[in-house]
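Below is one structure, written out as structure tokens; comments come after it.
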Amino acid sequence: MDLRLDHVTLVYPDGDSTLTAVDDVSLVVPSGTTTALLGPSGSGKSSMLAVAGGLTPPTSGSVAFGDGPPVFTTTTTRDVATTVRLERIGFVFQQPQLIPSLTALEQLELLAHLRGQRPSSVRERALEMLDAVGLGPWAHKRPDTLSGGQRQRVAIARAFVGDPHVLLVDEPTSALDHERGVEIIELVTGLGRRFDAATLLVSHDESTLGAVDATAYLLDGRLTERPAAA
Amino acid sequence: MFVALRDLRFARGRFLLMASVIVLITYLVVFLASLTRGLGEDSTSGITALPTDHLAFTVQADAPPSGPGGGPTFTGSQVEQSQWQAWAKVDGVTSAQPLGIAQVRATSTTTTAAVTAFGIEPGAGLLPHGAGKADVADGKVLLSSGAADALGAKAGDKLSIGTLDVTVDAVLDVTAAYAHTPVLWTSLDDWQELGAHLAPGADPTTVATVVALVTSSDDALAAADDDIGTVTQNLHESLSAISSYSSEHGSLLLMVVFLVGIAALVVGAFFTVWTVSRSGDVAVLKALGASTRYLLRDAIGQALVILVIGVGIGTLLAWLTTVLLQSVVPVAIGLSTTLLPAVVLVVLGVAGAALAIAQITRVDPHAALAAR
């Protein structure tokens with residue numbers, strides 16, 4: 001299912017005035033492909049990701065999946081947004097953001113519990129996902145015993161275990177060296193293709209993005225042509 | 001409680017510390033509640049065991065300070081024969097008997113002890129249930145089991161009570177104490193000879209401390225009080241007329257209430273810190289799709305587990321202590337001193353935790369996008 005952002009604008013209050021973080025952005029990420037969103041710090045990349053994931057309602061515009069009706073609009077309630085995230089979106093954050101008390105396997109089983117299912121009902125799928133990210137032998141390890149790269153792989157497996165329509169990835173390589181960064185991007189794009197997810201990936205490091213299908217450049221909240229290198 | 005139970009296992013040091021605090025507070029509350037009730041019974045069981053429903057007091061002009069709320073006191077009350085005879089004629093009163101109460105020293109062949117002498121008319125029916133066919137008679141006394149223990153006396157032994165020399169007629173298998181001294185029963189005539197109770201100028205042959213009433217209706221009591229010059233209280237109200245009981249019971253109850261309040265605050269403070277420290281995890285869980293209701297249920301369940309374990313262990317330890325000490329310390333064990341404080345602690349602890357955990361509702365899932 002494609003990810004469709006339609007004329008999305010996000011305005012934050014900023015003291016006595018306002019700050020336009022995302023300015024009338026329309027973007028389509030086709031199903032099974034990865035689009036990298038580039039831009040300098042403060043250009044609105046993470047704000048756009050927050051709107052796409054229903055973490056923040058847009059000031060105007062909407063977000064839709066496939067040809068269906070908008071899932072996030074200016075009037076979408078928190079409860080509805082939470083349900084959409086739970087059922088249809090996978091998140092990979094800048095830091096792995098794993099729950100310290102859960103093993104790698106439990107990080108994945110948690111999603112089933114949030115959905116009201118027995119955690120054990122997804123154990124097979126969770127173990128498959130951990131195998132897919134190369135962490136099968138570490139399934140019963142807690143985050144504090146894993147390396148930074150391994151933690152990020154668990155976070156990626158967690159994002160895919162619920163079979164999401166849309167995957168939102170926020171600068172997943174910021175804490176990794178170049179080589180591991182490339183591996184992580186290849187892993188995300190490969191899994192996105194395999195599970196037919198529309199992946200929107202925010203990054204500031206263009207050198208790791210060889211595997212992505214498309215790129216978009218954001219400057220001052222607007223999609224624009226990439227400026228020529230100095 | 002998928003995350004909550006794993007948090008308990010993962011951060012077991014922190015939760016063990018918290019549970020230990022709850023165990024200690026529960027131990028104190030339950031033991032203090034048992035002690036409060038035990039001391040209360042040690043002060044009042046002689047009165048509560050009376051087979052009557054009301055007591056009529058007088059308030060003397062030169063009596064000691066009155067009880068709480070300006071009520072009468074046993075030490076200040078002195079009724080006369082004309083008053084108990086008048087009470088016997090009041091509608092709705094089926095029995096009106098004089099009862100003398102005096103704290104005196106009693107000496108047996110082996111020891112001396114402070115006791116409370118209850119002076120009653122032979123055949124008055126004022127002995128507690130369990131006395132069987134025993135009755136008082138001049139020159140003879142009946143001992144409660146506590147008095148027999150304190151004096152090391154048994155039936156047939158000689159005792160000196162104040163200026164009186166008497167014989168122990170029987171030891172009753174009943175618990176009866178008044179103001180922390182065991183009760184013995186004498187005839188009213190003997191009690192009047194003790195002289196410990198008399199107001200200046202009173203005729204020693206015509207007085208008692210209160211009139212013990214058995215009533216079928218209390219409609220006419222207030223009017224009769226006005227006519228006869230007495231103040232009538234039901235048996236429960238009359239306990240506050242035991243001066244030492246009121247102040248002692250009130251102080252101990254205040255301590256129990258404060259401890260329960262402290263327990264709720266401590267639990268609330270712990271979960272405030274705990275919730276703040278895991279607000280990042282909460283934001284991530286919300287971003288992943290956890291509803292606020294799910295997170296609140298998870299966190300309150302976690303608090304409930306700690307409270308039930310802590311309160312359970314604390315109650316068990318306190319119960320064991322009271323069982324071990326009940327022969328040497330006046331403690332009373334019952335549901336009201338164990339289960340009731342335990343339930344109150346759990347309920348107030350959950351309430352304290354819930355106030356702290358409510359912060360979860362304000363955590364913004366957007367925060368999950370921030371690096372940490």
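Lettering follows sequence order; numbering is per chain, from 1.
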| query | Are any non-hydrogen side-chain atoms of A/Leu102 and B/Phe2 less than 4.5 angstrom apart? | reply | yes
| If you look at every heavy atom in B/Ala368 and A/Phe93, which pair is closest and at what distance? | O-CD2, 3.5 Å
| field | Under 4.5 Å from a heavy atom of chain B, the part of A/Ile89 involved | value | neither
| remark: CZ (B/Arg278) and CD1 (A/Ile99) are apart, to the nearest 0.5 Å, by 8.0 Å
| request: Decide if atom CG of A/Asp220 counts as having more than 12 heavy atoms of other residues, nucleotides or ligands within a radius under 6.0 Å. | output: no
| request: Flag yes if more than 12 heavy atoms outside B/Trp319 fall under 6.0 Å of its CH2 atom; otherwise flag no. | output: no
| Do other residues, nucleotides or ligands put more than 12 heavy atoms under 6.0 Å from the CZ atom of B/Arg9? | yes
| task | Verify the neighbour count for atom CZ of A/Arg125: are there more than 12 heavy atoms of other residues, nucleotides or ligands below 6.0 Å? | result | yes
| said: Rounded to the nearest 0.5 Å, what separates atom OG1 in A/Thr82 from atom CZ in B/Arg293? | reply: 12.0 Å
| query | So how far is it from B/Thr292 OG1 to A/Arg78 CZ, rounded to the nearest 0.5 Å? | reply | 7.0 Å
| request: Tell me, for A/Glu106 versus chain B, whether the close heavy atoms (under 4.5 Å) come from the side chain, the backbone, both or neither. | output: both
| Do other residues, nucleotides or ligands put more than 12 heavy atoms under 6.0 Å from B/Phe258 CZ? | no
| Is it the side chain or the backbone of A/Arg115 that comes within 4.5 Å of chain B heavy atoms, both, or neither? | neither
| field | Contact summary for B/Phe10 and A/Ser101, nearest pair of heavy atoms | value | CB-CB, 3.4 Å
| Interatomic distance, A/Arg85 atom CZ to B/Ser291 atom OG [nearest 0.5 angstrom] | 11.0 Å
| field | Smallest separation among heavy atoms of A/Leu114 and B/Gly289, with atom names | value | CD1-C, 4.4 Å
| Taking atom CZ of A/Arg180 as the centre, does the number of heavy atoms from other residues, nucleotides or ligands within less than 6.0 Å exceed 12? | no
| From A/Leu86 CG over to B/Leu285 CG, what is the distance, rounded to the nearest 0.5 angstrom? | 11.0 Å
| said: For the OG1 atom of A/Thr56 and the CG atom of B/Asp364, what is their distance to the nearest 0.5 Å? | reply: 6.5 Å
